[in-house]
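Data block below; observations after.
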Amino acid sequence: MDRDLYKLLSRVSKPARYTNNEINAVHKDWEKTAVKIALAFPDVYEVGMGHLGFKILYAIINNRDDALAERAYAPWVDMEEQLRSAGMPLAALESGKPLKEFDLVGFTLQYELSYTNILNMLDLAGIPRLAAERSENDPLIMAGGPCAYNVEPLADFLDFVVLGEGEEVIHEIIHEVRTAKDRELSREEILERLAQVPGVYVPSFYQAEYGEDGSFAGISPVKPGVPEKVTKRVVKDLSQTEYPKEFVVPYVDVVHDRVMVEVLRGCTRGCRFCQAGMIYRPVRERDPELLKGQIRQLIEATGYDEISLTSLSSGDYTCIEPLVEELVAEYKDRGVAVSLPSLRIDSFAVELAQEIEKARKTGLTFAPEAGTQRLRDVINKNVTEENLYEVARGAFAAGWHSIKLYFMIGLPTETTEDLDGIVRLAHEVLRIGRENRTGTRRPEVTISVSSFVPKAHTPFQWYGQDSKETLREKQAYLRQRLRRPGIRFNYHDVETSFLEAVFARGDRRLGKAIARAVDLGCRFDGWDEHFNMEKWEQAFADTGVDPHFYANRELPLQEPLPWDHLSPGVSKRFLLNERRAAYDERTTKDCRGAQCTGCAVCFVLDVENQLVKGEEFHA
Amino acid sequence: MPSLMRFQYAIGSELRFLSHLDLLRTFERAMRRANIPVDLTEGFHPKPKLSFAAPLAVGITSQGEYGDVFLREALSPQEFCSQLNRVLPKGLRIVRAVQVGEKVAPVMAVVNGAEYRVELGGDTIPAERVQQVMASDQLPVERTTKKGTRLVDVRPLIFSLELAEGGLVFRCAVGAEGNLRPEELLGLLGIDIRDVFVERTGLFIRGDDGWRDPMDGIEVTHGN
C-alpha cells in the first residue's frame, strides 16, 4: 500500500471496506478480458455485500472467459470527502480501476431512497449524469432490480434497464457489448441492438406525453423497431440456473453475512400491497438435493458459520421441514447455524423456529399487516386472528418471551376501527404471553408500524397515499393507546415513506428534482442521519415539481400509468380485478394448490409454478 | 483428546485496517475452511475457542501476533501451519505454532510488552525530542474510552525509545495492567500516526530476567 493511499484510508471510518483482497474476490487480467463490468451498489459496502443478486451476477460474469465483473459501492460521506479532496475518481474494488474505464456499469435498484447515491456515484466517477451527455468513451450505464419496474424517474440517467431475472439476459448483454466492441459500433448503435434483447428497456428511445392538467398521458417508442412494451425476463427452472460456488467473504461486519441459498423464487399468496409478490411470479422451487450440495460447497469455500434459506417466504417451500431438520443435524456439531429470514405466521412456523437456534435469541416476528379481519381481507393477507393467537400461545409456551408484530397504516379503506384492531391484538398477545409464559423473563410485545406506500404493478397502484398529516395522526393515535408496560411501539418518520411514494409512482419529470437534490447535498436518503427533507423540498420547489401530485393523488383508472410499458407479466386486468375484490372485501386464494387466479404471468411468460415433490403445500 | 495450540502470526499491509473483531472473524472462517478441528463453546450459539493476545490497533501491521486455539482432535503444529496458510488471505500468515499443555496460562493473560517500529517516510525527529520524552518523569496524555476522557501518565508505560534507520523503535507496555497506545507516544513526538507506517515487531512477556518470547522454552514448529 502506498503512503498516500494509507494516509487517506487512515482518515476514514472502517477503512477495511475499501481495501479489497477478500477471500474469493475474483481478479482477472484486465488487458486480456474483452468485456468489463462494474456491479455498482448504490449504498455502502456493508449493505451492498449482503445483496444476493449481485453475488449471482458476479459469479456468472466471472465464469466467462471473455468478461469480468468487479464490485463498487457508495463511499461513506467521510470517504467521499477524501476522494474529492484528493481528486481521486470512484473505482472498483478488485482492480482499483476507475468506473469510467469499464464497458458497463450496472446499478441495482433495490429501493427508491438510493437514487441520489446513483447520481453521486456517477459524479464521483467522473461519468456524466445524463445519458444524453455521455460520450463514446463513457461506459454504458445499466440498471436492474425491483425498482426497474417503474424506472421512469431515473430515465434521464440510465442508458438501458433490464427487467426481471438476470441469469440468462446477462449473457445476451455481454454478447451484444462484445459484438459492438469488435465492430466498433457507436453508442447509439449498441443501444439499438440492446433494445432488441427481450427484457431490455432503453429509456431514451421512448417519449412521454402529458395532459394539459399535468397528468401523465402515455409513453411510446420514437424509433422504429423498438417494442411498445418491454416484458421481464424469467428463468423457467431454478434448479437449472447458475448459482455461485463461492461468495466473496468480507472482513468487516456486513448484512446477511452468511451462506445464502435461494430455496424458491416468487410468491403467489397475492397480498395486494406487495410489489414483490407481483413482480417475481411465478413460484419456482429449487431441488432440495441441489440446495444441500450448494450449501456444502459454499460452507467449504467461505468458512461461514451460518446458513440462511432465503426467499420471499421460505416457510412456503414444499420440503422446508425435512430440509431444516437435515441441515441442523448435519451442521450442528460444526458450529454452523441455520436461519430462515422470512417466516410466515402460522403454527407450523413456531415448530420450525424451534429447530433454529438463532430465532431463540432474536425473538419471533409475525406480520398480520392489518388490525381487523375486514382490512386483512381487503389486502388479501389470509391470516386470521385465531392464527395469530395460536402462534402466540405456541411461541410463549415454547419459551420465547418476545414477539414482534408488523402492521401497516394508511392502507386503502382503513378506519379508526382498524387502528383499534392493532391495539386489541397487541393487548391480547401480551395477555396470552402472561398466561402461557414458561421462561423467567417478562413477556414483551413489539408493535412495529410502517406507513403504506402504493407501488407500481400492484392492485393498489392507483391509491393515493395518506397525507403526511393523516399518517402522523394515526401514529399518534396508536402511540397513545399502546403506551403500557410490556408493549413497545416502533414507527418510522412519515417523510421517507412519502418520498418513497413519490418515486414509486413517479414519471420522467422527477429526474431534474433528483439531480437538484444531489446538487443540494442529498445522499444516503435511506439513512436517518443523512435524510434531509428540507433539501428535498427545496429541490422540488427549484424544479417546479409537486411531490404530492405523485404520492397522494388517487389515479383515475383510465389514466395511463408511467409504467404501463414495463411489464412483469402480470396483466393490468388482473390488477383491476384484484382492486375490485379488495374494495368488496373479497379474498383471492393462492394459486398453488388452488385454481388459477388469472394473473396472466404463466401465459405471458410461458412458465408455470414449479414445486418440488414433497409434503403437501401448507396453505 | 482436546489440546491447546499456540501460534504466532503476521499481519501485512493488505490487512492493516482490520479491526480486532474483523481479525477474529477472519481466523474463525479460515479455520473452518481449513477443516481445523477447533473446539467449540457450549450453549445455543457455539463459538470457536479462539483468543488473541493484546489487540492490535487499526492501521498497524505486525510481525509478531499471538493466538491460542483449543482443538478437539490432535493435529501436529506443522499441519496446523500448512493447512491454515493454504486458506488465509493475502496479508495474514501463520509464522509458527506449538502445542502447549492446557495448564499453560492463556497467551492473552501473559503478554504484557510490545515492540513497535515506526517508519517516518522522510520526516525526521530531532534527537533532543526523543531524549526529552525519556527524561520526563511524567507524560500525561488525554485518553478517550467508552467511559469518557481522562488523563493518563504514559511515562511508566514506555520502556525504551530510540531513533533508528528511517524511523523509531520503542518498547512499551500492553495488556490489562497498563497499555500504551502507539498514537499517544507519537503524538508526544509531534507525529500524527495517520501519516506514518507503524509495525509491531513483537509481543513479549516481561519478567525480572528481561523480555521473553511468548513461545520461549516450548518446542516450536515453523510455518511455511
Side-chain angles (χ1 to χ4, degrees), chain A residues 1-25 27 46 79 82 246-254 257-259 297-306 331-339 354-362 399, chain B residues 11-50 57-61 72-73 84 86-92 119-123 183 186 192-199:
Chain A
M1 182 174 303
D2 76 25
R3 195 170 290 263
D4 288 336
L5 184 61
Y6 166 76
K7 284 184 180 181
L8 188 149
L9 289 172
S10 296
R11 285 165 168 76
V12 300
S13 55
K14 299 191 202 158
R17 57 187 162 189
Y18 307 110
T19 53
N20 182 26
N21 281 314
E22 305 103 316
I23 287 287
N24 299 330
H27 296 83
E46 298 94 296
M79 184 62 170
Q82 292 292 331
E246 48 190 41
F247 287 172
V248 177
V249 186
Y251 297 110
V252 300
D253 202 9
V254 308
D257 197 8
R258 54 200 173 207
V259 163
Q297 211 163 24
L298 283 165
I299 289 284
E300 265 170 42
T302 60
Y304 274 129
D305 64 355
E306 189 180 343
Y331 291 98
K332 204 164 63 184
D333 295 337
R334 295 161 61 181
V336 178
V338 179
S339 71
Q354 273 178 282
E355 297 268 341
I356 297 167
E357 292 144 9
K358 186 113 183 182
R360 293 195 160 269
K361 268 172 53 178
T362 53
Chain B
I11 301 175
S13 193
E14 296 90 342
L15 298 185
R16 70 188 320 147
F17 288 116
L18 261 54
S19 72
H20 188 63
L21 275 176
D22 296 340
L23 192 75
L24 194 64
R25 247 195 311 268
T26 301
F27 264 112
E28 283 178 12
R29 289 170 183 168
M31 289 192 185
R32 206 170 282 112
R33 286 197 301 274
N35 283 315
I36 306 281
V38 178
D39 206 12
L40 303 173
T41 58
E42 303 288 319
F44 271 137
H45 203 68
K47 297 293 272 179
K49 290 186 182 170
L50 175 67
V58 173
I60 299 180
T61 56
R72 53 171 203 276
E73 286 164 28
L84 259 181
R86 254 203 304 275
V87 302
L88 282 171
K90 228 191 277 176
L92 203 52
E119 210 189 286
L120 293 170
D123 288 349
E183 78 259 30
L186 292 177
D192 186 337
I193 195 168
R194 299 176 303 175
D195 295 335
V196 293
F197 286 139
V198 180
E199 178 156 80

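What you see is a predicted model; the values in this text were computed from it and never measured. Sequence lines set the chain letters: A, B, ... in the order given, protein chains first and strands last, and positions in each chain run from 1.
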Hey, what do you get for [atom1] ([X]) to [atom2] ([Y]), rounding to the nearest 0.5 Å?
X      : Y      : atom1 : atom2 : result
B:R32  : A:I299 : CZ    : CD1   : 7.0 Å
B:R194 : A:L8   : CZ    : CG    : 11.0 Å
B:L92  : A:I23  : CG    : CD1   : 9.0 Å
B:R33  : A:Y304 : CZ    : OH    : 10.0 Å
B:L15  : A:E22  : CG    : CD    : 10.0 Å

Taking every heavy-atom pair that is under 4.5 Å apart, which of [options] has the most such pairs with chain A?
options                     : answer
B:V38, B:L88, B:N35, B:T26  : B:T26
B:M31, B:E119, B:E14        : B:E119
B:T41, B:D22, B:L21, B:D192 : B:D22

- Item | Main-chain N/O of A:G303 paired to B:R29 side chain as donor or acceptor, under 3.5 Å | no
Taking every non-hydrogen atom, the tightest pair across [X] and [Y]:
X      : Y      : result
B:K47  : A:D305 : NZ-OD2, 3.9 Å
A:Y251 : B:P89  : OH-CB, 3.0 Å
B:L40  : A:G335 : CD1-N, 3.5 Å

(request) May I have the step-by-step check of side chain to side chain contact (heavy atoms under 4.5 Å, CB included) for A:D253 and B:R25, ending in yes or no? (result) CA-CA 9 Å; A:D253 202 9; B:R25 247 195 311 268; 3.8 Å; yes
| Would B:R72 and A:D333 pass as an ion pair if we require N to O under 4.0 Å? | no
Whatever's closer than 4.5 Å to a heavy atom in chain B on A:R334 counts as backbone
Interface check, chain B: of A:R17, A:K7, A:R11, most non-hydrogen pairs under 4.5 Å belong to A:R11
_Does any backbone or side-chain atom of B:S19 lie under 4.5 Å from a heavy atom of chain A? Answer side chain, backbone, both or neither._
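Answer is neither: B:S19 stays 4.5 Å or more from chain A.
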query: How far apart are the C-alpha atoms of A:L9 and B:R16, what are their side-chain angles, what is the distance that settles it, and do they pass the side chain to side chain contact (heavy atoms under 4.5 Å, CB included) test?
result: CA-CA 11 Å; A:L9 289 172; B:R16 70 188 320 147; over 6 Å; no
State which residues pass side chain to side chain contact (heavy atoms under 4.5 Å, CB included) with A:Q297; sequence neighbours excluded, sorted by chain then number.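 Expected list: A:K245.
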Parallel, tilted or perpendicular, judged at 30° and 60°: which one describes the rings of A:Y6 and B:F197?
tilted
